[in-house]
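Keep in mind it's a predicted model, so treat the numbers as computed, not measured.
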Amino acid sequence: MEIAIRDIKGHAGEVVTVKGWLYNRRKSGKVQFLLIRDGTLPIQAVAFLPDLDPASRDALKGLTKESSLEVTGLVNLDERAPGGAEIQVREVRLVHLADPYPIAAKEHGPDFLMDNRHLWIRSLRQSALLTVRAEVIRAAEEFLHEAGYIRFDAPILTPAACEGTTSLFEAHYLYDQKAYLSQSGQLYAEAGAMALKKVYTLGPTFRAEKSKTRRHLTEFWMLEPEIAFAGLDHITRLAEELVSHVVQAVLKRRPTELKTLERETASLEGIAPPFPKITYSDAIEILQKRGSSIAFGQDLGGEDETLLSSQFERPVIVTHYPAEIKAFYMKRDPENPGLAQCLDMLAPEGYGEIIGGSVREDDYGTLSERIEEHQLPRESFEWYLDLRRYGSVPHAGFGMGIERVVAWIAGVKHVRETIPFPRLIHRIYP
RNA sequence: UCCUCGGUAGCUCAGCUGGUAGAGCGGGUGGCUGUUAACCACUAGGUCGGCGGUUCGAGUCCGUCCCGGGGAGCCA
């Protein structure tokens with residue numbers, strides 16, 4: 001019977017078949033220890049050569065790393081085995097003999113690993129990380145679904161920038177038209193919210209930023225809820241509940257993967273609402289007291305974010321940034337028009353901004369002026385202005401960067417490992 | 001775009017004030033009945049990132065270009 005290695009302990013004393021790849025092999029005379037992985041977990045299979053039929057012995061001859069094989073044997077609970085269980089091999093069937101495998105069970109440099117990303121993802125660590133990523137997305141969608149949100153897919157090919165043109169990827173569209181890869185699904189999500197009230201977009205977004213840091217990709221995934229009849233309090237609560245649910249779901253469902261990643265989980269266990277909330281002014285004051293040279297009116301730099309988040313054990317929510325350093329569509333604070341009704345959530349441990357959101361300007365005249373001020377091509381935004389012409393309501397939303405959330409929860413330094421095939425400033429292969 | 005570090009065997013690296021290429025891992029062969037990145041022995045494997053210069057002689061010094069790491073700027 002074929003089983004997933006994850007379930008092996010439930011089959012003690014049974015003869016099972018596992019199908020997978022050879023992760024490593026140790027030989028000691030007539031005994032061979034095969035470490036086999038199947039995408040769920042690795043298992044050690046012990047082959048005693050004199051007990052095997054000639055075909056199986058042949059299969060083991062010259063076996064290389066990452067060769068694919070099917071192993072049938074008796075499941076033993078054995079203290080000597082890593083993980084407590086192993087398979088006593090009865091039959092080995094070679095599916096494909098791999099060429100000598102380039103990735104060794106040794107250290108490698110990032111350039112080499114990234115060139116071999118298509119193979120690197122087979123490593124136990126990378127597989128665990130990508131499993132955590134899948135769980136983050138699943139948990140987030142599950143939470144929003146339970147809360148009555150409708151998934152609303154935004155287009156990836158768009159007619160114009162919703163932000164600065166410097167970070168736009170341009171594409172050729174049909175009949176000599178131009179198209180741009182989406183920097184955010186938000187504007188479309190706003191249209192969705194006017195139709196379905198509570199929606200979210202989920203998908204890849206693209207920014208041609210020449211950023212070379214551990215927190216930036218040129219192609220990254222965002223989850224963007226957008227809610228009609230909502231204000232800053234509403235999205236603040238949603239953000240902290242969403243993030244808490246995702247963290248707890250990963251802790252509950254993927255403990256093995258977190259262990260493989262050697263993630264210290266004590267700090268994650270305490271992630272629950274409410275999160276600390278401070279204003280931008282508070283943040284500047286705290287940072288200046290801690291020795292930062294930041295001045296009021298400047299955006300928080302990477303170091304500032306790390307310094308600020310290190311003051312709290314939970315993600316910290318910073319609100320009311322100066323409107324000048326924020327986007328054109330953000331609604332100003334009625335009590336202080338210099339400030340925007342916005343929020344950023346900074347993850348602990350220096351993982352930076354994982355959420356950015358705001359209340360949207362819902363007044364036609366004001367939004368129209370902002371578009372002029374920012375010298376945006378008005379004709380591209382006519383449909384967006386329509387949302388303020390026909391039944392405009394207060395509404396708000398935010399974007400959550402999937403890769404940064406995964407990096408934080410999994411405890412990996414660089415976001416390039418949190419997506420199967422990262423796109424970076426100097427890398428589009430493989 | 002700027003600062004900084006780097007590019008030598010398939011991989012990770014060493015290579016002194018310039019003198020003609022090294023180790024470990026991986027590969028191959030052989031040995032070993034409990035290995036945990038197994039171990040032991042033998043063995044094959046190199047356009048020292050490219051181009052130009054200085055020199056009797058350049059992996060090493062100089063110039064330039066290319067590629068990458070870390071960071072900054074930039075980045076709802």
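A donor-acceptor pair is defined here as one N or O able to donate and one able to accept, closer than 3.5 Å; no such pair exists between the side chain of His374(A) and the backbone of Leu376(A). Distance alone, capped at 3.5 Å, places no donor-acceptor pair between the Lys19(A) side chain and the Thr17(A) backbone.
Minimum atom distance to the side chain of His108(A) is reached by rC11(B), of the listed rC11(B), rG71(B), rG34(B). In this structure, of rC32(B), rG70(B), rG27(B), it is rC32(B) that holds the atom nearest to the side chain of Ser28(A).
Distances shorter than 4.0 Å separate none of the side-chain N or O atoms of His414(A) from OP1 or OP2 on rG69(B). Between Arg427(A) and rG69(B) there is no side-chain N or O to OP1 or OP2 distance below 4.0 Å.
Nucleotides of RNA chain B nearest to Gly109(A) and Leu424(A) differ in position, and the one nearer the 5' end is that of Gly109(A). Positionally, the nearest nucleotide of RNA chain B for Pro102(A) lies more toward the 5' end than for the other of Lys30(A) and Pro102(A).
Using modelled atom types, one finds no donor on one side chain facing an acceptor on the other under 3.5 Å when comparing Arg90(A) with Ser56(A).
Only the P atoms considered, rA58(B) is 13 Å distant from rG18(B), to the nearest whole Å.
Whole-Å rounding puts the Glu66(A) CD to rG27(B) C1' distance at 16 Å.
At the heavy-atom level, Glu305(A) lies nowhere under 4.0 Å from the strands shown.
Residues Tyr188(A) and Phe152(A) keep their aromatic ring centres 6.0 Å or farther apart.
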